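Because the structure is predicted, anything quoted here is derived from the model rather than measured.
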Amino acid sequence: MQSERGERTEDTARRPAEGGTDPATEAFVAHRNLLFTVAYELLGSAADAEDVLQETWLRWAGVDLGTVRDQRAYLVRITSRQSLTRLRTLGRRKESYVGPWLPEPLLTTPDVAEDVELADSVSMAMLLVLETLAPTERAVFVLRDVFDLAYDEIAEAVDKTPAAVRQIAHRARAHVAARRPRGTVSPAQSRNALAAFQRAVETGDLQSLLDILAPDVVLLGDGGGVKQAVLRPIVGADKVARLLAAGLGRITAESLRPAQVNAYPALIIRLGGELDTVVAVRVDDGLITGLYAVRNPEKLSHMQRETALRR
C-alpha cells in the first residue's frame, strides 16, 4: 500500500498541467531566472551558471515532487551544491589564467537596477569582492545576505550545521564589509561619472581623465590570453590616465556606447562593427575608483542580449 500510494503521489505530481506542461518543468521555468542569478553570483561566470542550470534540471527531473515541501528552496539548494562543486574547479582554472580574471559581464534588464540590493550584489565591484571569499563562505554570504535563505536551508545546501553556517555568515559578512564599495552609489551618480569619463576618452584630454579618476584608482584588464590587455593591475590616477590616453587613440565617439552592465552604467566599445571591450566602473564619492575592461571574447557572449536576474 505504501508503494502504491507513493506511485500515485508521484504520478499526480508529474501529471502534465493544463496546456501540456510537466509540473517539474513548470516549476523549474518559474524559478529559472532566480537559479541563474544564484549560480552567477557564486561563480561570476554566465557560461558556467548555464551549465549549472543544466545539471540542476537533470537532478530536479528525477525528484519525487510529492516529497518536496518548498520547491523554490529545493531548487536553490540543488543549484548551490552544483555551483560549489564548479566553483572549486574554477579556482584551479583561474590559477593558470593569463592576466587578471574578471567576472563575465551581463547586459542586464532595466528592472535589475531598481532592486538596490540585487544590483549591488551583481555589480562588477561586488563580484570581485566575492572572489576573495572561500567557496563555502561565498555561498553562505550570497544565500543569506542576498537571497535571504534561512540558516537551516543554507546548512543543507553547504553540508554544514546551522550553527556553523551562522559563524561562517558572520565571518564572511565582516570580510565583505571591509572590502566592498565605500557606500551605496545611485545609478545617477554612476551615469554622471561614466559620462564624464566617456567625454574624456572621446577627446583624449588627459586632464579631464585625471579629474574623474580617484587618486587610488585601479585598472584591471581581462584578455584571457586571447586579446591584448594589461597583465597586472595598474594603480594610480596618473598611470591609469596616461595609459588610457595612449591606448585609446583609435576610439571614436561612434565606437563608444553606454549600456546597463551588471545593473550599473558601463561602456561598450565596438571596433569594425564588432564588440571589442566592455568597460565597467566602480564609483565612490563621485570619482571612478575601479575600471574593469573585459576583452576576452569567450566572456562577451552574454552581451548580445539582455539577461533577467531575480531574487
Side-chain angles (χ1 to χ4, degrees), residues 1-93 103-104 106 108-109 111-112 118 121-122 135-136 138-144 146-160 162 165 298 301-302 304-311:
M1 293 297 292
Q2 180 68 35
S3 174
E4 291 177 0
R5 186 164 58 250
E7 287 173 5
R8 284 200 300 271
T9 300
E10 182 171 357
D11 179 66
T12 301
R14 293 204 172 279
R15 186 178 301 149
E18 188 175 344
T21 303
D22 177 357
T25 303
E26 196 172 66
F28 184 83
V29 170
H31 295 297
R32 189 188 187 285
N33 291 339
L34 161 70
L35 301 178
F36 176 86
T37 308
V38 170
Y40 177 71
E41 291 208 26
L42 291 180
L43 299 168
S45 165
D48 285 290
E50 293 285 4
D51 288 344
V52 162
L53 257 61
Q54 290 292 327
E55 294 161 1
T56 298
W57 164 248
L58 290 175
R59 282 159 177 77
W60 174 245
V63 170
D64 176 0
L65 299 190
T67 66
V68 177
R69 178 175 55 84
D70 184 335
Q71 293 183 347
R72 177 183 183 273
Y74 198 103
L75 280 163
V76 169
R77 187 160 67 245
I78 299 174
T79 300
S80 301
R81 285 177 174 171
Q82 297 306 311
S83 296
L84 268 174
T85 299
R86 189 166 288 255
L87 186 58
R88 295 183 177 104
T89 302
L90 270 179
R92 292 191 291 273
R93 287 193 341 220
E104 189 173 339
L106 298 177
T108 46
T109 53
D111 60 311
V112 179
L118 177 60
S121 71
V122 298
T136 301
R138 183 170 184 167
V140 169
F141 178 84
V142 167
L143 294 176
R144 178 61 183 172
V146 180
F147 296 98
D148 199 30
L149 261 67
Y151 286 112
D152 57 343
E153 292 176 342
I154 299 172
E156 290 189 49
V158 300
D159 292 325
K160 301 284 185 182
V165 166
E298 293 183 0
S301 62
H302 277 72
Q304 306 300 332
R305 63 189 184 282
E306 288 185 340
T307 299
L309 302 175
R310 293 290 182 271
R311 285 203 294 163

| task | Determine the minimum heavy-atom distance between G44 and R138, stating which atoms define it. | result | N-NH2, 3.8 Å
| task | Give the intermediate values and the outcome of salt bridge (charged side-chain N to carboxylate O under 4.0 Å, His left out) for residues E41 and R310. | result | CA-CA 11 Å; E41 291 208 26; R310 293 290 182 271; over 6 Å; no
| message | Name the residue from T79, L309, V146, L75 that meets the side chain to side chain contact (heavy atoms under 4.5 Å, CB included) definition with V38. | response | T79
| said: To the nearest 0.5 Å, what is the distance between CZ on R72 and CZ on R77? | reply: 12.5 Å
| query | Mind checking whether T136 and R88 have side chains closer than 4.5 Å, heavy atoms only? | reply | yes
| message | On a heavy-atom basis, which atom in L42 and which in S83 lie closest, and how many Å separate them? | response | CD1-CB, 3.6 Å
| message | Using every non-hydrogen atom in the two residues, find where A39 and L53 come nearest and quote the distance to one decimal. | response | CB-CD1, 4.3 Å
| note | All heavy atoms of L84 vs all of P135, minimum pair found to be CD2-O, 3.4 Å
| query | Q82: what forms a side-chain hydrogen bond (donor to acceptor under 3.5 Å, both in side chains) with it, not counting sequence neighbours? | reply | none
| message | How close do S301 and R305 get, counting heavy atoms only, and between which atoms? | response | O-NH1, 3.9 Å
| request: Under the side chain to side chain contact (heavy atoms under 4.5 Å, CB included) rule, what do V112 and L118 come out as? Steps first, then yes or no, please. | output: CA-CA 7 Å; V112 179; L118 177 60; 4.1 Å; yes
| note | A139 and V158 have their tightest heavy-atom pair at CB-CG1, 4.1 Å
| request: Find the distance between CG (L43) and CD (E104) and round it off to the nearest 0.5 Å. | output: 10.5 Å
| said: Please verify the inter-ring angle class for Y74 with W60; under 30° counts as parallel, over 60° as perpendicular, anything in between as tilted. | reply: tilted
| task | Identify which one of V76, I154, T37 satisfies the side chain to side chain contact (heavy atoms under 4.5 Å, CB included) criterion when paired with F147. | result | T37
| query | What distance separates T307 OG1 from F36 CZ, expressed to the nearest 0.5 Å? | reply | 5.5 Å
| note | One should read off an interatomic distance between L34 CG and R311 CZ, to the nearest 0.5 angstrom, of 10.5 Å
| Do V140 and Y151 come within less than 4.5 Å of each other through their side chains, counting heavy atoms only? | no
| request: Measure the spacing between CD of E55 and CZ of R86 and express it to the nearest 0.5 Å. | output: 4.5 Å
| note | Value for NE2 (H302) from OG (S45), rounded to nearest 0.5 Å, stands at 8.5 Å
